[in-house]
Amino acid sequence: MAAIALLAGCRHPDVARPRAASSSGTTYTVSAIRYATIAAFPVRALVQGADSARRMDIAMMVWLLQGPPGRTVLVDAGFYRDKFVGRWKPADFVRPSDAVAAAGVAPDSVTDVVLSHIHWDHMDGVDLFPRARVWVQRAEYEYYVGDTGQVLHEGIDPEDAALLHRLRAAGRVELVDGDAREIIPGIT
């Protein structure tokens, strides 16, 4: 994305709305939408060798890209299942779909979800966006999800592996080969 400028008039306190133009000239409004905060997270779980006493609050976000007419894209889908909410006890939690709706976008109008990776906190909420096509790296999918939806590596939750498998069987998952392919106009 080439240029970013802040837009005035943001209606939601947890949404920032810059605009970005891609190299193809397609322009998107990019909104960072916070749906929760995980307080006092141990930094050593994110940064190898970090001080074991160091903690930080983590903003749980999805990214909304609004571009050409008829195209509404999320980068990541967050999480919402009770087991994750109960375990991590996020502050100010709302379902990612509700946070997106509060930003003015109906969950069923999201056309695409691009997953940065398929850990629970990035992909558990894909089923909250019932019409979205899900984009994920083929190597990522095949590392975690088996031919019948079974878990191949412990980094994915079994329900999420089965969910991705069902969505793929329904024709809603696009497996991307490599990282230099334009998958959606203006999005590589």
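Owing to the predicted nature of the structure, the values given are computational and were not obtained by experimental measurement. Sequence positions, counted from 1, serve as the residue numbers for this chain. Hydrogens, waters and symmetry mates play no part in the numbers below; they use all other heavy atoms, side chains included.
In terms of modelled atom types and a separation under 3.5 Å, the side chain of His153 and the main chain of Gly155 share a donor-acceptor contact. A donor-acceptor pair under 3.5 Å is absent between the side-chain atoms of Arg131 and the main chain of Ser109, judged by distance alone. Side chain of Asp160 to main chain of Met123: no donor-acceptor pair is present (N/O by atom type, distance under 3.5 Å, no hydrogens or angles). Under a 3.5 Å cut-off, the side chain of Arg44 and the backbone N or O of Ser52 do form a donor-acceptor pair. Side chain of Glu159 to backbone of Asp157: no donor-acceptor contact under 3.5 angstrom is found. Between the side chain of Asp124 and the backbone N or O of Gly78, no donor-acceptor pair lies under 3.5 Å. Using a distance-only test at 3.5 Å, with no hydrogens or angles considered, a donor-acceptor pair links the side chain of Thr111 to the main chain of Thr72.
Rounded to the nearest 0.5 Å, atoms CG (Asp179) and CD (Gln137) are 6.0 Å apart. If you take CZ on Arg133 and CD on Glu174, they are separated by 4.5 Å, rounding to the nearest 0.5 Å.
Other residues, nucleotides and ligands contribute over 12 non-hydrogen atoms within 6.0 Å of the CG atom of Asp98. Other residues, nucleotides and ligands place no more than 12 heavy atoms under 6.0 Å from the CG atom of Asp147. Counting non-hydrogen atoms of neighbouring residues, nucleotides and ligands closer than 6.0 angstrom, the CZ atom of Arg138 exceeds 12 such neighbours.
When all heavy atoms of Thr26 and Pro185 are compared, the pair lying nearest together is CG2-O, 3.8 Å. The shortest heavy-atom contact between Arg34 and Ala59 is NH2-CB, 2.9 Å. In plain terms, the two heavy atoms of Val126 and Val113 that are nearest each other are CG1-CG1, 4.2 Å. For Asp57 against Ala39, the heavy-atom pair with the smallest separation is OD1-CA, 3.2 Å. Summarising the geometry of Tyr80 relative to Val85, their closest heavy-atom pair is O-CG2, 3.7 Å, with the distance given to 0.1 Å. Ile187 approaches Val73 most closely through the heavy-atom pair CD1-CG2, 4.1 Å.
Between Trp88 and Phe93, the gap from one ring centroid to the other reaches at least 6.0 Å.
Taking a cutoff of 4.0 Å between a charged side-chain nitrogen and a carboxylate oxygen, Arg81 and Asp127 qualify as a salt bridge.
A side-chain N or O of Ser116 and one of Asp76 form a donor-acceptor pair less than 3.5 Å apart.
Note: Trp120 and Phe79 have perpendicular aromatic rings, judged against thresholds of 30 and 60 degrees for the angle between ring planes.
When the side chains of ILVMFWY residues are joined at heavy-atom separations under 4.5 Å, either directly or via intervening members, Ile156 and Tyr143 end up in a single hydrophobic cluster. When the side chains of ILVMFWY residues are joined at heavy-atom separations under 4.5 Å, either directly or via intervening members, Leu152 and Leu163 end up in two distinct hydrophobic clusters.
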